[in-house]
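Written out below as structure tokens is the structure these notes cover.
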Amino acid sequence: MAQRTVLFVLFDGMQSLDVTGPLEVFAGAEQHTPGTYRIRTASLDGAPVRTSSGLTLVPDETLGQADAPHTLLVPGGQGTRRPDARLTDWLREHGPRAERLVSVCTGAIRLAEAGLLDGRRVTTHWAYSDKLARDHPAVEVDPDPIYVRDGQVSTSAGVTSGIDLALALVEEDLGRDTALAIARHLVVFLRRPGNQAQFSAQLAAQTARREPLREVQHWITEHPAGDLSVETLAARARLSPRHFARAFQTETGMTPGRYVDRVRLEHARRLLEDTSDGIEEIARASGYGTPEGMRRAFVKALGTAPSEYRRRFHPTPAH
């Protein structure tokens, strides 16, 4: 098996976890199966870089000295808000030479500035997805998944999702058993599906300003199996269905139907992770009515069936 070089691009103001999280995954794979990965770090001038948290990292070499890597990883962080023309030029020239191009968090902005994401489906941290889409209209930005893989380009939402993506890459290279061993060592899941949502329904939606709408949001969360039709929710808010639907979307940023879908999905996920209840029971408790209704919702939103989701995320009791 040929050794793969993984090159981490370092720059001032990057987020340290965007580098150290994935680096620990690849380092763990190398320790588990020696000779599989050669890990290198490099900055423009080879000088130490100061991360956004104040941690100083010393690179192995300058980017000019670095050999063409198998996997080129660009982290995110506050430093991506101050584009460096030299780094953009280097990425534009050398990025296409890597067999795999990876970004963590707002590292996707760096890649987009170099023209490396045009025509690609990508993701980034939810707080910057609108900016990425606005500044780079040739890039298809999906703000929901924790990571997206499109051909040779892989992008992730940031921080811990960089670990998820790195585990997926190691699994592709070395197999599930190796990736699972690393995940166990790092005490993380192997592995969250890439299209798992970045945040919960309550975080995804804004809190309504008006008390009747806020009360409806709480009611939905507390009664996922109830009648959550627009007509019923409008009656609780003492508004006409049309007025309610318009006001809810204006104040929360999403339609009542989408909010209900997210709450039900999140409730079902929690029950699959935390209980031993049967699939049929969970489907009823989450408002899906039938296991098939819940299965369709899971496949559409997460790309996986409830049974597979439980297999990945429900803790197995130790024997």
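Values reported hereafter were calculated over all heavy atoms of this structure, with side chains retained and with hydrogens, waters and symmetry mates removed.
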[X] side chain vs [Y] backbone, donor-acceptor pair below 3.5 Å:
X    : Y    : result
T36  : Q3   : no
R295 : A305 : no
Q15  : P75  : no
T62  : D45  : no
T106 : I109 : no
D18  : G76  : yes

Can you name the closest pair of heavy atoms from [X] and [Y] and give their distance?
X    : Y    : result
A108 : L117 : O-CD1, 3.2 Å
Y288 : A268 : CE1-CB, 4.0 Å
T5   : P69  : O-CB, 3.7 Å
L169 : S154 : CD2-OG, 4.3 Å
V19  : F8   : O-CE2, 3.7 Å

ILVMFWY cluster, L73 and L55 together (side-chain gap under 4.5 Å): yes
Any side-chain donor near an acceptor of the partner, S286 and H267, under 3.5 Å: yes
Derivation and outcome, side-chain contact (heavy atoms from CB on, under 4.5 Å), residues V153 and L116: CA-CA 9 Å; V153 176; L116 299 173; over 6 Å; no
Does a sphere of radius 6.0 Å around [atom1] in [X] hold more than 12 heavy atoms from other residues, nucleotides or ligands, not counting ones at 6.0 Å or beyond?
X    : atom1 : value
E61  : CD    : yes
Y128 : OH    : no
R40  : CZ    : yes

Plane angle bin for H94 and W90 - parallel if under 30°, tilted between 30 and 60°, otherwise perpendicular: parallel
L87 vs F11, side-chain contact (heavy atoms from CB on, under 4.5 Å): CA-CA, chis, key distance, verdict: CA-CA 9 Å; L87 181 53; F11 52 87; 4.0 Å; yes
With H70 via ring pair (Phe, Tyr, Trp, His ring centres under 6.0 Å) - residues at least two apart: none
Rounded distance [0.5 Å steps], CG in L7 versus OG1 in T41: 8.0 Å
Salt bridge (charged side-chain N to carboxylate O under 4.0 Å, His left out) partner of E266, chosen from R270, R269, R262: R270
Option among R120, R121, R149 that satisfies the salt bridge (charged side-chain N to carboxylate O under 4.0 Å, His left out) test with D142: R121
Results of side-chain hydrogen bond (donor to acceptor under 3.5 Å, both in side chains) for R210 - residues two or more places apart only: E251
V216 side chain reached by Y259 side chain, heavy atoms, under 4.5 Å: no
